[in-house]
Number of protein chains: 2
Amino acid sequence: MPRGQCRGQGWWHGKFRGCGYRITLGREAVLDVLSSCGGHLSAEDIFIKVHSKYPNVGFTTIYRTLDVLCGLGMVCKLDFGDGRARYELAEGPKGARHHHHLVCTGCNKVIDYTDFIDEEVDLLRQTEKGLEKKYNFKINDHVIQFYGLCDKCRKEGGKDAGF
Amino acid sequence: MPRGQCRGQGWWHGKFRGCGYRITLGREAVLDVLSSCGGHLSAEDIFIKVHSKYPNVGFTTIYRTLDVLCGLGMVCKLDFGDGRARYELAEGPKGARHHHHLVCTGCNKVIDYTDFIDEEVDLLRQTEKGLEKKYNFKINDHVIQFYGLCDKCRKEGGKDAGF
DNA sequence: CTCCTTATTGAAAATGGTTTCCATTACCAA
DNA sequence: TTGGTAATGGAAACCATTTTCAATAAGGAG
Ligand SMILES: [Mn+2]
Ligand SMILES: [Mn+2]
Ligand SMILES: [Zn+2]
Ligand SMILES: [Zn+2]
C-alpha cells in the first residue's frame, strides 16, 4: 500500500465523487481497513487499525465515514446483539457475495455462510412478495441470523454470553 | 384485575417458584402489562404502565425482571435496530404462536405475521441442520425480520428513519 | 499554481439506553 | 413470628454513539 500517491484512483473514487463526497485520508483509510481485514469489524476495531497508521484520524471520523458508506450502500451495518454495531464491505473489488450469518453467543465468533443461501433467498423473495401484498409494505431489507454455540464454546461448558 | 388478593395464583407462579424466584409486586406488574398490552414494548413503555399503577416500582426493577423472564424463556427480547430493546411474552396463558416480524423503518410500527411461517420454519430447520453439521455449531435461536415502509409511510414521501 | 467556498475534521461534551452499587426492604420457609 | 437472603429503588456509572463548534483542507474556478 503505497502512501501519498495512492490517493485519487481507488475503485470507489468514481462512485464517491459522483455523489459529491470529497476523498479524504480518513475515508481512504477506513475503506482500506474494511477491504484488507475481514468483515464484522466494530467501529472501535476499525479505529484502532486506522489509528495505528494515521494517528490523527479521530474516532468521530470513523463513525461519520461508516455512515456515509452505509448510505452509499458500500458498507453493511450489522447487529449481532452484543451492543455494538459491526461493519462489512457490501461488495468490494472482488465483489463479496450475499451471505447470512451464524453467530456464536459464547465467543462472538461470526461465520459467513452461503451454503443454503439459494433456497433461503428463494423463499425470502416469495415471502416478501406475499407480505408486501398482504400488508401493503415496501420491503427493503431482511435480516436472517442464527445464534448458537460454536464447537469450542460448546466444549467449554454450556456457558452462554446471552444476547 | 383485583388488587391485593390476586397475588399467589397466577398461571406463572408455579414455574416461577419452582426456579427459586420470589413473587413480588414488581414482577407481577411487569407480567401483567406484558400480557394485557400487546407485544413489542420497550422497557420504558413497560415502566410507564407499571408506574401509573404502582408508582414505587423503579426502572431498575423493570430491567431486572425482564432479564429474569427472558432467562426463564417466558419473554423474548427483540431488537428492531432502533437502539432500544423490545419485549414480548413468549407464550402466555393463551399461548402466543411463534411468529416473525415486519418492521416499518419509517414509523417503527411492527407487524407480527404468521402467514408464511410454516414454509419458513421448514426451511429454517433444514438450514439449521445443515449448518450445525457443517460448522459443528449448536444452534439455539434464529432471527428473521423484514424491514420496509408501511402503507402510510410510503405515501408520506420516501423518508426513511434508517436503522 | 493560488484562492475561495464549504465539506470535513478532531476533541470534548452530550446523549440515552442499560447496568452497577449499596444500603434498605420484604418474600417466604421454617 | 422471625431470620436469612433475595429483591428493590435511587443515584451514579457505563459505554457506544451523536452532537457541537471552531479549525482545517479538498478541489473547482480562475
Ligand atoms: Mn459477513
Ligand atoms: Mn411479535
Ligand atoms: Zn464460540
Ligand atoms: Zn410506517
Side-chain angles (χ1 to χ4, degrees), chain A residues 4-10 13-14 16-31 41-48 50-51 54-72 75 77-87 108 161-163, chain B residues 4-10 13-14 16-31 41-48 50-51 54-72 75 77-87 108 161-163:
Chain A
Q5 53 90 280
C6 73
R7 313 272 304 283
Q9 48 262 352
H13 289 195
F16 224 70
R17 283 228 182 72
C19 296
Y21 288 111
R22 293 179 181 175
I23 289 161
T24 68
L25 194 144
R27 286 169 177 176
E28 204 132 42
V30 169
L31 234 10
L41 292 88
S42 67
E44 188 182 13
D45 293 337
I46 297 170
F47 171 71
I48 290 173
V50 168
H51 190 260
Y54 305 105
N56 32 5
V57 171
F59 220 136
T60 318
T61 294
I62 306 292
Y63 276 109
R64 277 188 292 224
T65 298
L66 289 169
D67 229 41
V68 169
L69 294 174
C70 285
L72 288 173
V75 161
K77 186 177 187 178
L78 308 172
D79 178 356
F80 297 136
D82 67 339
R84 59 181 51 194
R86 311 272 165 172
Y87 301 85
N108 293 318
F163 82 95
Chain B
Q5 52 91 277
C6 72
R7 313 271 303 283
Q9 47 262 353
H13 288 195
F16 224 68
R17 283 226 181 76
C19 295
Y21 289 112
R22 294 180 181 175
I23 288 159
T24 67
L25 194 143
R27 287 169 175 175
E28 203 132 44
V30 169
L31 233 12
L41 293 87
S42 67
E44 188 182 14
D45 293 337
I46 296 170
F47 171 71
I48 290 173
V50 168
H51 191 261
Y54 305 105
N56 33 5
V57 171
F59 220 134
T60 318
T61 294
I62 305 294
Y63 275 109
R64 276 188 292 225
T65 298
L66 289 169
D67 231 39
V68 169
L69 294 174
C70 286
L72 287 175
V75 161
K77 186 177 186 177
L78 308 172
D79 179 355
F80 297 136
D82 67 338
R84 58 180 53 194
R86 311 273 165 170
Y87 302 85
N108 292 318
F163 83 94

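Reckoned from all heavy atoms, side chains included, excluding hydrogens, waters and symmetry mates. Throughout, a chain's letter reflects where its sequence line sits, starting with A, and its residues are numbered from 1.
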Residue B/R22, side-chain heavy atoms: nucleotide from C/dT5, D/dT5, C/dT9 that is nearest: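 Looking only at side-chain atoms, B/R22 lies closest to D/dT5.
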Starting at [atom1] of [X] and ending at [atom2] of [N], how long is that distance when rounded to a whole Å?
X: A/L25; N: C/dT9; atom1: CG; atom2: P; value: 10 Å
X: B/N56; N: C/dT25; atom1: CG; atom2: P; value: 13 Å
X: B/Y54; N: C/dA26; atom1: OH; atom2: P; value: 15 Å
X: A/D79; N: C/dG17; atom1: CG; atom2: C1'; value: 14 Å
X: B/E28; N: C/dC27; atom1: CD; atom2: C1'; value: 12 Å
X: B/Y21; N: C/dA26; atom1: OH; atom2: C1'; value: 18 Å
X: B/I62; N: C/dT19; atom1: CD1; atom2: P; value: 13 Å
X: B/H51; N: D/dG10; atom1: NE2; atom2: C1'; value: 12 Å

Go through the structure and list residues passing side-chain contact (heavy atoms from CB on, under 4.5 Å) with [X], not counting sequence neighbours.
X: B/Y21; answer: B/F16, B/C19, B/R27, B/V68, B/L72
X: A/D67; answer: none
X: A/R86; answer: A/S42, A/D45, A/L78, A/F80, A/D82, A/R84
X: A/I48; answer: A/E44

Below 4.0 Å: OP1/OP2 of D/dG27 and any side-chain N or O of A/R17: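 Affirmative; the distance criterion is met.
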Partners passing ring-ring contact (aromatic ring centres under 6.0 Å, His included) against A/F47 (at least two apart in sequence or in another chain):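 Partners of A/F47 under the ring-ring contact (aromatic ring centres under 6.0 Å, His included) test: A/H51, A/F59.
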B/S/- contact track for nucleotides 11-20 of chain D, protein heavy atom under 4.0 Å: B----SBBBB
Contact check, side chains of A/K77 and A/L66, non-hydrogen atoms, under 4.5 Å: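 Counting from C-beta outward, A/K77 and A/L66 never come under 4.5 Å.
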